[in-house]
Amino acid sequence: MNGIFKRLLNVKGMVVESARIVDGPLRPEPVLEVYVRAGKAAPRCSRCGRKRRGYGRGGGVRRWRHRDFGCWRVGQVAMMPRVDCPGCGVVVASVLWAEPGSSRNSCAVCSDARSDGPGAN
């Protein structure tokens, strides 16, 4: 099942741990939440971009919006790893699927740019 979600998300450097549909009275529509984590690549500092030693997974939970799958709104959820960088200190590690400070993953941003450009159908 996780392989299906990984292929649908189409993001490299990510491991899909689980997925669930979240619905409730305060949500306007159900959301498919896919829980992911960074792959085996060496973690990098989110500030300077250099490979650094891992420090733990205490960076908190982050959520990103992904492209919708048909009628389903999709979100990625991850516990963020941290790194110990001599120059920057202990900071949240960068992940391949999102830019620092972004609420959308890089696939959703690229998708939006392509769909609004000249010649879009």
Side-chain angles (χ1 to χ4, degrees):
M1 181 73 114
N2 292 343
I4 294 170
F5 287 111
K6 185 170 181 172
R7 290 186 92 188
L8 287 172
L9 292 174
N10 193 27
V11 178
K12 295 182 190 226
M14 170 181 63
V15 176
V16 175
E17 294 182 329
S18 65
R20 68 182 186 141
I21 296 171
V22 179
D23 194 10
L26 299 177
R27 291 189 179 266
E29 58 192 17
V31 177
L32 172 62
E33 286 190 343
V34 181
Y35 292 83
V36 299
R37 64 177 167 83
K40 292 184 179 184
R44 293 183 175 268
C45 175
S46 59
R47 294 187 181 164
C48 67
R50 294 187 177 138
K51 291 181 181 180
R52 297 295 182 208
R53 185 172 52 89
Y55 188 78
R57 297 190 95 188
V61 175
R62 302 288 198 281
R63 296 177 189 282
W64 297 271
R65 175 91 188 263
H66 195 278
R67 292 179 301 207
D68 294 348
F69 293 153
C71 63
W72 290 98
R73 195 172 159 189
V74 178
Q76 285 176 258
V77 182
M79 274 297 280
M80 293 301 292
R82 294 186 296 173
V83 294
D84 187 9
C85 180
C88 305
V90 176
V91 295
V92 173
S94 66
V95 289
L96 295 173
W97 61 85
E99 296 291 325
S102 175
S103 63
R104 291 179 155 224
N105 73 8
S106 54
C107 273
V109 173
C110 292
S111 165
D112 289 347
R114 281 189 297 229
S115 64
D116 295 338
N121 294 333

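Residue pairs meeting the salt bridge (charged side-chain N to carboxylate O under 4.0 Å, His left out) criterion with at least one partner in residues 83-94, sequence neighbours excluded, are R53-D84. Within the structure, no pair that satisfies the salt bridge (charged side-chain N to carboxylate O under 4.0 Å, His left out) test touches residues 88-98, not counting sequence neighbours.
The side-chain heavy atoms of L9 and M14, taken from C-beta on, include a pair separated by under 4.5 Å. Side-chain atoms of C85 and C48, non-hydrogen and from C-beta on, do get closer than 4.5 Å to each other. Between V77 and V34 the shortest side-chain heavy-atom distance does not fall below 4.5 Å.
Around the CZ atom of R62, the shell of radius 6.0 Å holds more than 12 heavy atoms that belong to other residues, nucleotides or ligands.
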Tell me which donor-acceptor pairs under 3.5 Å the side chains of residues 35-44 have, and how far apart each pair is, sequence neighbours excluded?
| unit_1 | atom_1 | unit_2 | atom_2 | d |
| --- | --- | --- | --- | --- |
| Y35 | OH | R20 | NE | 3.0 |
| Y35 | OH | R20 | NH2 | 3.1 |
| Y35 | OH | E33 | OE1 | 2.8 |
| R37 | NE | E17 | OE2 | 3.0 |
| R44 | NH1 | G49 | O | 2.8 |

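The side-chain contact (heavy atoms from CB on, under 4.5 Å) check on I21 picks up P30, L32, W72, with sequence neighbours excluded. For R7, there are no side-chain hydrogen bond (donor to acceptor under 3.5 Å, both in side chains) partners at least two apart in sequence or on another chain. Not counting sequence neighbours, the partners of R82 by the side-chain contact (heavy atoms from CB on, under 4.5 Å) test are Y55, V90.
Through direct or indirect side-chain contacts shorter than 4.5 Å among Ile, Leu, Val, Met, Phe, Trp and Tyr, V83 is connected to V91. In the hydrophobic clustering, where aliphatic and aromatic side chains (Ile, Leu, Val, Met, Phe, Trp, Tyr) are joined below 4.5 Å either directly or transitively, V22 stands alone.
Note: the hydrophobic cluster containing M80 does not contain V15 (ILVMFWY, side chain heavy atoms under 4.5 Å, direct or indirect links). Residues W97 and F69 are members of one and the same hydrophobic cluster, defined by side-chain heavy-atom contacts under 4.5 angstrom among Ile, Leu, Val, Met, Phe, Trp and Tyr. The hydrophobic cluster containing V31 does not contain F5, counting ILVMFWY residues as joined when their side-chain heavy atoms lie under 4.5 angstrom apart, directly or transitively.
Here C45 contributes atom SG and R50 contributes atom CZ; the two are 9.0 Å apart, rounded to the nearest 0.5 Å. Atom CZ of R47 is separated from atom OG of S94 by 12.5 Å, given to the nearest 0.5 angstrom.
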Show, in sequence, the C-alpha distance, side-chain angles and deciding distance for R65 and R73, and conclude whether the side chain to side chain contact (heavy atoms under 4.5 Å, CB included) test is met. CA-CA 8 Å; R65 175 91 188 263; R73 195 172 159 189; 3.4 Å; yes
